[in-house]
Amino acid sequence: MIYENAVPIRSDVHRDTYVRSGASYSFARPLNSAPLLAAEFVAAAVEFPIVFIGEGENVTPAAILGLRDGENLFVDEHGKWTAPYIPAFFRRYPFVFAQGEDESLTLCIDESFDGVNTEGRGERLFDAEGNRTEYLGRMLGFASSYQQQFERTKAFCARLVRLDLLEPAQARFAVPGQPARSMSGFRAIRRERLRQLPQDELAEMFANDELELCFQHLVSLGNVAKLIQALSADDAGADAEEKPAEATVE
């Protein structure tokens, strides 16, 4: 999605490499969605609609960030992230783990990121002796934690698929002064199917907090209306202040 040239981090190659991150999220501007971890649902559900994308074993939660292709309503023209919460997928960038054939994980860095430099801007990866800096250690810890939470998220999504709780859904929205539109290609939990689950399944999901994740997802769908309100006044049309925007997810 955002990684163009991820290479393994090596002291002999990146001894003089610095990373300046967090100053701009312009790299996220073309993305109208971002993967989410289960651990992020509480914070993300306040800001974004949370949906599920993919099929079978590849189902994953995602935050909807825009209503059209190539549109992220939470990155302004200066590259600033405008919402209180930033998905971990973006906060981890430009670092990422690559998995080898033996399932070992290697920390990589996207050298195409404009914050990667050798001019001394930001945080250094290695010191003069080639030792890992405190900054690189923190990023390694963050990436490791992300990977662990990713596995937990996979298990949650696998349960949703096994219990057949997900159905195709679409968001219908109308901006004043413009024709009604819709966005599809994602899935959502159906409340009716959740209610009909056997008591032992519900008890297990309650015990490991997965039931709470389901409800946070369902509540977050109301944030589609917030996305419409985030559109610029010009895009919303001249009647934007006179007639409220409308949105539904079904």
Side-chain angles (χ1 to χ4, degrees), residues 1 31-69 71-74 83 85-90 145-175 180-230 244-250:
M1 297 176 70
L31 300 183
N32 70 349
S33 67
L36 281 180
L37 301 171
E40 298 183 88
F41 274 37
V42 173
V46 178
E47 306 294 333
F48 321 113
I50 299 174
V51 298
F52 295 87
I53 58 176
E55 298 289 338
E57 296 181 358
N58 296 318
V59 170
T60 186
I64 298 179
L65 306 173
L67 297 168
R68 297 171 296 200
D69 290 341
E71 171 189 71
N72 185 336
L73 296 169
F74 298 96
Y85 185 74
I86 304 172
F89 180 76
F90 296 136
S145 176
Y146 187 99
Q147 192 67 25
Q148 292 171 0
Q149 290 296 332
F150 175 73
E151 295 301 324
R152 181 205 172 194
T153 305
K154 280 179 59 178
F156 168 58
C157 292
R159 185 190 294 272
L160 298 182
V161 172
R162 177 175 63 82
L163 296 177
D164 195 26
L165 291 175
L166 298 173
E167 286 189 350
Q170 64 178 341
R172 298 181 182 275
F173 56 98
V175 177
R181 289 177 284 181
S182 65
M183 180 175 66
S184 58
F186 61 90
R187 295 197 283 172
I189 293 173
R190 292 304 181 192
R191 288 180 182 270
E192 296 80 6
R193 293 187 181 180
L194 193 60
R195 291 195 197 98
Q196 294 168 3
L197 286 180
Q199 288 299 315
D200 58 337
E201 289 282 2
L202 288 172
E204 186 174 345
M205 293 178 70
F206 175 80
N208 60 22
D209 294 329
E210 290 183 345
L211 196 57
E212 181 181 2
L213 295 176
C214 293
F215 291 131
Q216 287 166 346
H217 149 69
L218 290 168
V219 171
S220 78
L221 297 178
N223 288 328
V224 172
K226 292 176 63 174
L227 292 182
I228 297 176
Q229 293 169 1
E246 299 178 356
T248 59
V249 176
E250 51 187 48

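- Every side-chain hydrogen bond (donor to acceptor under 3.5 Å, both in side chains) that Tyr85 has, sequence neighbours left out, goes to Glu40, Arg91.
- Annotation: side chain of Leu31 is in contact with side chain of Phe90 (closest heavy-atom distance under 4.5 Å).
- Legend: residues meeting side-chain hydrogen bond (donor to acceptor under 3.5 Å, both in side chains) with Arg195, ordered by chain and number and at least two apart, are absent.
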Side-chain donor/acceptor pairs under 3.5 Å, residues 53-65, sequence neighbours excluded:
none

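- Looking at residues two or more places apart in sequence or on another chain, you find no side-chain hydrogen bond (donor to acceptor under 3.5 Å, both in side chains) involving Glu47.
- Sequence neighbours left out, not one pair with a member in residues 147-157 passes side chain to side chain donor-acceptor pair (under 3.5 Å).
- The side-chain heavy atoms of Ile189 and Leu166, taken from C-beta on, include a pair separated by under 4.5 Å.
- Among residues two or more places apart in sequence or in another chain, the side chain to side chain contact (heavy atoms under 4.5 Å, CB included) test is passed with Ala45 by Ile50, Gln216, Ser220.
- Checking Asp69, Asn72, Leu73 one by one against Asn32, the side chain to side chain contact (heavy atoms under 4.5 Å, CB included) holds for a single residue, Asp69.
- Residues passing the salt bridge (Lys or Arg N to Asp or Glu O under 4.0 Å) test with Asp200, sequence neighbours excluded: none.
- Contact check for Phe150 versus Leu37: side-chain heavy atoms found under the 4.5 Å cut-off.
- Partners of Glu204 under the side chain to side chain contact (heavy atoms under 4.5 Å, CB included) rule, at least two apart in sequence or in another chain, are Arg159, Asn208.
- For Arg191, there are no salt bridge (Lys or Arg N to Asp or Glu O under 4.0 Å) partners, not counting sequence neighbours.
- Phe41 is linked by a ring pair (Phe, Tyr, Trp, His ring centres under 6.0 Å) to nothing, counting only residues two or more places apart in sequence or in another chain.
- Every pair passing ring pair (Phe, Tyr, Trp, His ring centres under 6.0 Å) that includes a residue from residues 197-227 is listed here, sequence neighbours excluded: Phe52-His217.
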